[in-house]
Amino acid sequence: MDTKELLKKVRKIEIKTRRLSDHIFGGEYHSTFKGRGMTFSEVRQYQFGDDVRNIDWNVTARYNEPYIKVFEEERELTMMLMVDISGSELFGTDEQFKNEIVTEIAATLAFSATQNNDKIGLILFSDAIELYIPPKKGRSHVLRIIRELIEFKPKSKLTDISEALKFLSNVMKKKAIVFMLSDFITDDDYKQNLKIAAGRHDITGIRVYDKGEEEIPNLGMVQMQDEESGELVLVNTASKQVRTNYSKYYTEKVGFFKETFTKSGSGTIDCRVDESYVKKLLGYFKRR
């Protein structure tokens, strides 16, 4: 993709997603995430009615009378976008591939954070960390993120969600609002690493999928290619057992995603390629 074509595509995505962000998500994002963090401000003498759990026992012992810690809402938050760029994202049976929808969702969230005067960072991952952009503010920073989402070429087509979560825990010491975008169809057991990361961060998994992935149609003998391994396989789709086994595998992976994220205290959103992700995101923000 040449520079002119890339800039045109970036501008097109900016116009669409910024409008969504400004008019739809701005208020919802603000009310959902603004001021969720608390930071220490000062200590003062205890007053009747104060929460005893906020007593600063060290200061109290020093002055021989009760003092409490005073906290204030953090006015600046950090959003981290974690985006799966493995081979399975290059799939679509409708007008768009999954990775195109992922880019639009990520851009919409990024502009919402910008409107909220928050920092935005990006982690692109396959079975390794392909790219890390530290959190910063501003439109030009968001446009850089969009450019990378459009044109970045991963070195690997495989997926390792655990590796991405370990990197997040290592690089982000301060609490962040984290959105992980993937189809979550992986044999990787990321349960423990998600639990660790969710203990510090506010994490939401956004599962982007295509209706054509949910089941294999009866088309007779078909040659299929695994987008992640590159392996070519001749599949007898007329076999009921083959279709049943695939459906079971797919259902198990989706179930693992939802159960694991829920048990860790994280949120989940399902976004099908041919459906409006606007309604899905807006509904999620309103429920929180």
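By the side chain to side chain contact (heavy atoms under 4.5 Å, CB included) test, Lys136 is found to be paired with His141, residues two or more places apart in sequence or in another chain being considered. Applying the side-chain hydrogen bond (donor to acceptor under 3.5 Å, both in side chains) test to Gln45 and every residue at least two apart in sequence or in another chain returns Glu65. Annotation: side chain to side chain contact (heavy atoms under 4.5 Å, CB included) contacts of Lys137 (sequence neighbours excluded): Glu76, Asn117, Lys119. Residues that satisfy the side-chain hydrogen bond (donor to acceptor under 3.5 Å, both in side chains) test with Glu259, not counting sequence neighbours, are Lys263. Shown here are the side-chain hydrogen bond (donor to acceptor under 3.5 Å, both in side chains) partners of Arg11, two or more places apart in sequence or in another chain: Glu14. For Asp270, the salt bridge (charged side-chain N to carboxylate O under 4.0 Å, His left out) test picks out Arg207, Lys258, with sequence neighbours left out. For Lys280, the salt bridge (charged side-chain N to carboxylate O under 4.0 Å, His left out) partners are Glu275, not counting sequence neighbours. The side chain to side chain contact (heavy atoms under 4.5 Å, CB included) search around Thr186 returns Thr159, Ile161, Asp188, Tyr190, not counting sequence neighbours. Take Lys8 and apply the side-chain hydrogen bond (donor to acceptor under 3.5 Å, both in side chains) test, not counting sequence neighbours, and it matches no residue. Contacts of Glu214 classified as side chain to side chain contact (heavy atoms under 4.5 Å, CB included), with partners at least two apart in sequence or in another chain: Tyr209, Lys211, Tyr250, Arg272.
Residue pairs meeting the ring pair (Phe, Tyr, Trp, His ring centres under 6.0 Å) criterion with at least one member in residues 155-175, sequence neighbours excluded, are Tyr132-Phe167. Within the structure, salt bridge (charged side-chain N to carboxylate O under 4.0 Å, His left out) pairs that include any residue of residues 242-257 comprise Asp187-Lys253 (at least two apart or interchain).
In this structure, Ile203 and Ser264 have side chains that are not in contact, with every pair of non-hydrogen atoms separated by 4.5 Å or more. Residues Val142 and Phe111 have side chains in contact (heavy-atom distance under 4.5 Å, counting atoms from C-beta outward). By the 4.5 Å heavy-atom criterion applied to side chains, Thr108 and Tyr277 are counted as neighbours.
Within the 3.5 Å criterion, the main-chain N or O of Met180 finds no donor-acceptor partner in the side chain of Thr204. When atom types are taken as modelled, the side chain of Thr251 and the backbone of Ser247 share a donor-acceptor pair closer than 3.5 angstrom. With His201 contributing its side chain and Ala176 its backbone, the two residues share a donor-acceptor pair below 3.5 Å.
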Could you walk me through whether Asp51 and Lys69 pass salt bridge (Lys or Arg N to Asp or Glu O under 4.0 Å), step by step? CA-CA 10 Å; Asp51 191 337; Lys69 296 176 182 178; over 6 Å; no

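Pairing each heavy atom of Arg200 with each of Ser169, the nearest pair is NH1-O, 3.4 Å.
By the rule that hydrophobic residues join a cluster once side-chain heavy atoms approach within less than 4.5 Å of another member, Ile15 and Ile13 end up as members of separate clusters.
Taking the charged nitrogens against the carboxylate oxygens, Glu213 and Lys98 do have a contact shorter than 4.0 Å, which makes a salt bridge.
Separating the CG atom in Leu165 from the CG atom in Asn193 is a distance of 6.0 Å, to the nearest 0.5 Å. Distance check, rounded to the nearest 0.5 Å: CD of Glu163 to CG of Asp127 gives 8.5 Å.
Side-chain contact, Asp118 with Asn116: a donor N or O sits under 3.5 Å from an acceptor N or O.
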